[in-house]
Amino acid sequence: MPQKHEEMMELAKRRGFIWPSFEIYGGVAGFYDFGPLGALLKNKIIQKWREYYVIKEGFFEIDSPNVMPEEVLKASGHVNHFVDAMVECQKCGAAFRVVDLSREQTGKDIEGMPKEEMNQFVKKHRVRCPNCSGELGKIFDFNAMFRTAIGPGSQRVGYLRPETAQGIFIDFKRLQRHARGKLPFGVVQIGKGYRNEISPRQGIIRLREFTMAEAEVFFDPDDSHHPKFSELAGEQLRLWLAGDQQHGKEKLTEVMAGEAVKQKLVCNELMAYYLALTKRFLLDLGIPGEAIRFREQTPGQRAHYSSETWDAEVSTERFGWVEVAGLAYRTDYDLSRHAQFSKEDLTIFSAGKNKKVICHVVEPSYGIDRPLYCMLEHSYVSEKKRKYLRLKKEFAPIEVGVFPLLNRDRMPEKAREVHEALRAGGLMAEYDDSGSIGRRYARADEIGTPYCVTIDHQTLEDDTVTIRNRDDTSQVRVGISGLANTIIDLIRGCS
RNA sequence: GCGGCAGUAGUCUAGCUUGGUUAGGACACGAGCUUGCCAAGCUCGCGGCGCGGGUUCGAAUCCCGCCUGCCGCACCA
């Protein structure tokens with residue numbers, strides 16, 4: 001029932017999680033704003049990711065520009081692979097890369113040829129639609145990167161970055177010095193990425209500007225061990241192997257991370273480790289285990305820089321299996337290319353081998369917006385009278401609501417004091433005295449607020465309040481002193 | 001991007017076929033009253049025809065363009 005998606009999105013829009021950008025000007029497809037609650041939720045996801053990669057893995061976090069000069073993306077291969085001359089069949093409407101079609105049908109490589117010559121080439125060699133043999137139309141540029149000009153006079157071409165990773169590779173020399181030359185080491189970046197999608201639909205799942213969190217793990221190609229692999233080697237992984245996909249089989253292979261390496265289902269220990277870590281992360285967000293799988297990209301699906309890629313996918317009602325993270329073995333592709341194009345030495349000295357090597361890279365790359373959608377969809381509960389977000393408590397944007405039972409007898413004043421105390425205690429607390437108490441509980445439930453504190457007559461007598469639980473509406477009475485810590489413990493303790 | 005359908009307050013919706021007073025309702029929201037714990041009630045209030053152009057004495061209604069959304073195709077390195 002896709003109705004759930006509609007209801008949940010209506011709620012998300014109405015209550016301030018996400019809404020289409022630029023609405024008063026009619027909107028622009030592929031862009032969404034995060035409202036007050038959405039921004040809180042998104043920041044909590046990012047903070048959780050930092051906990052995993054920066055704190056626990058000990059990776060360095062950097063923050064580099066969104067605008068990149070053309071040279072960088074030429075070296076990375078994105079200029080060639082992202083900006084294509086396309087042609088559309090006039091009969092069936094299918095679109096193709098001109099260069100690919102020409103190579104297939106004439107054996108000639110016309111990469112880099114000016115557009116006018118390409119048009120003539122296609123005409124002269126009678127390149128046709130491979131599907132229906134229809135006649136092809138005019139060649140047009142398909143530019144998946146947003147292009148801009150750096151500085152006045154449009155002298156220097158720049159692009160909005162299609163991934164944050166390149167900012168890391170470029171800084172390799174300084175970063176390896178920061179790591180004092182020890183391998184493996186990891187560097188992360190959290191920020192915006194941009195892709196000028198042809199027709200973005202699927203709401204927040206396919207955005208033209210999106211937030212990503214990427215980690216680049218640099219290692220000696222002869223030593224792909226992870227120092228903490230034993231901690232995750234027993235983690236069960238559900239793999240959809242490329243071979244099975246190519247044979248049209250839906251079969252999932254259930255295997256422990258350690259076994260996956262031994263059986264060579266996964267290329268190396270680092271990759272297996274981050275697959276397992278990704279699973280842990282998604283579970284931590286509140287995504288159920290049965291809604292998580294790892295799909296191995298088939299050779300044709302892989303990006304130009306990758307020799308093995310796994311997509312972490314989450315099952316959704318509305319969009320089916322959605323890729324929320326991609327784990328790519330980028331080999332030495334990026335560092336080699338940047339070394340070649342920049343003429344800089346991007347090798348590192350390997351003490352073990354007593355010589356210089358070019359690092360290989362395993363890259364866990366996460367979208368932030370997509371898991372956020374998955375969390376909303378998976379947490380949306382619609383019961384007879386009650387509709388609410390059963391978000392994991394630590395991710396709820398508003399952590400506690402504070403209500404006076406009645407708007408008299410000094411209850412509002414007392415409630416405001418409690419509200420202030422909770423805020424002072426570090427909690428995202430919201431005060432509400434409008435409407436009946438039941439209505440206020442419902443309002444709080446709707447946005448996933450896990451606890452509500454109610455000030456009643458008894459509070460005025462003995463300084464106790466009730467704490468009401470979102471999930472089962474049960475209430476307990478506790479003392480006001482130390483209330484903030486009581487609630488923090490509740491949020492941490494339960495899920 | 002191509003084809004089909006659609007767009008009315010924050011949300012849902014009546015009106016559109018056959019152009020004609022101040023575009024009606026519900027929920028939500030705000031103020032007040034009320035209210036001893038799960039969307040109760042009463043009074044008052046806020047708020048709308050996606051944007052632009054055309055036809056007409058007169059357009060939410062008819063026509064055109066754009067934007068956005070949904071469905072199908074293509075695309076998603």
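To find a chain, count down the sequence lines: A is the first, B the second, and so on, and within it residues start at 1.
Here the P atom of nucleotide B:rC29 and the CD atom of A:E10 are 12 Å apart, to the nearest Å. As rounded to whole Å, 13 Å separates atom C1' of B:rC67 from atom CZ of A:F22. If you measure from atom OH of A:Y25 to atom C1' of B:rG7, you get 20 Å, rounded to the nearest angstrom. Note: CZ (A:R206) to C1' (B:rA74) measures 10 Å, nearest angstrom. Residue A:F31 contributes atom CZ, which lies 14 Å from atom C1' of B:rC67 at whole-angstrom precision. To the nearest angstrom, P of B:rC5 lies 15 Å from CZ of A:R201. Taking atom CZ on A:R14 and atom P on B:rA9, their separation rounds to 15 Å, with Å as the unit. If you take CG of A:L37 and C1' of B:rG10, they are 14 Å apart, rounded to a whole angstrom.
Here B:rA77 is the nucleotide among B:rU11, B:rA77, B:rU68 with the atom lying nearest to any side-chain atom of A:A303. Picking from B:rU11, B:rA77, B:rU34 the nucleotide with the shortest atom distance to the side chain of A:H304 gives B:rA77.
In terms of phosphate contacts, A:S434 brings a side-chain nitrogen or oxygen within less than 4.0 Å of OP1 or OP2 of B:rG30.
Across all strands shown, B:rU43 forms a Watson-Crick or G-U wobble pair, both distances under 3.5 Å, with B:rA31. In this structure B:rU21 sits in no base pair that meets the Watson-Crick or G-U test at under 3.5 Å. Across all strands shown, B:rC16 forms no Watson-Crick or G-U wobble pair with both key distances under 3.5 Å. Nucleotide B:rA59: unpaired (no Watson-Crick or G-U wobble partner with both distances less than 3.5 Å). With both pairing distances under 3.5 Å, B:rC67 is matched to B:rG7 as a Watson-Crick or G-U wobble pair. Pair check for B:rA74 finds none; no Watson-Crick or G-U wobble contact set falls under 3.5 Å.
Taking for each of A:D433 and A:G30 the nucleotide of RNA chain B with the nearest heavy atom, the 5'-most of the two is the partner of A:D433.
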Indicate for each nucleotide in nucleotides 36-54 of chain B, in 5' to 3' sequence, whether protein heavy atoms under 4.0 Å reach the base (B), only the sugar-phosphate (S), or nothing (-). BBBBS--------------
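Proximity of a side-chain donor or acceptor of A:R15 to a complementary backbone N or O of A:R443 within less than 3.5 Å is detected. A donor-acceptor pair is defined here as one N or O able to donate and one able to accept, closer than 3.5 Å; such a pair exists between the side chain of A:S21 and the backbone of A:Y32. A distance-only check finds no donor-acceptor pair linking the side chain of A:R330 to the backbone of A:E363 [under 3.5 Å].
With both ends at atom C1', the span from B:rG50 to B:rU68 equals 8 Å, rounded to whole Å. Using P as the reference atom, B:rU61 and B:rU18 are 14 Å apart when rounded to the nearest Å. B:rG47 sits 13 Å from B:rU8 when the C1' atoms are compared, rounded to a whole Å. Of the C1' atoms belonging to B:rU13 and B:rA60, the separation is 14 Å, rounded to the nearest Å. Rounded to whole Å, the P atom of B:rC63 lies 15 Å from the corresponding atom of B:rG20. With C1' as the reference atom, B:rG52 and B:rU17 are 26 Å apart, rounded to whole Å. Nucleotides B:rG7 and B:rG48, compared at atom C1', are 13 Å apart to the nearest Å. Rounded to the nearest Å, the gap between the C1' atom of B:rC66 and that of B:rA6 is 16 Å.
With respect to A:K414 and A:D463, a salt bridge is recorded, a charged nitrogen being found less than 4.0 Å from a carboxylate O. Taking the charged nitrogens against the carboxylate oxygens, A:D471 and A:K393 do have a contact shorter than 4.0 Å, which makes a salt bridge. A salt bridge links A:E446 to A:R14: at least one charged side-chain nitrogen sits closer than 4.0 Å to a carboxylate oxygen.
Aromatic ring centroids of A:H360 and A:Y329 lie under 6.0 Å apart.
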Would A:E317 and A:K4 satisfy salt bridge (Lys or Arg N to Asp or Glu O under 4.0 Å), going step by step from the backbone distance to the final call? CA-CA 8 Å; A:E317 268 190 27; A:K4 178 176 173 181; 3.8 Å; yes
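Using a 4.5 Å cut-off on side-chain heavy atoms (C-beta onward), A:L41 and A:L376 make contact.
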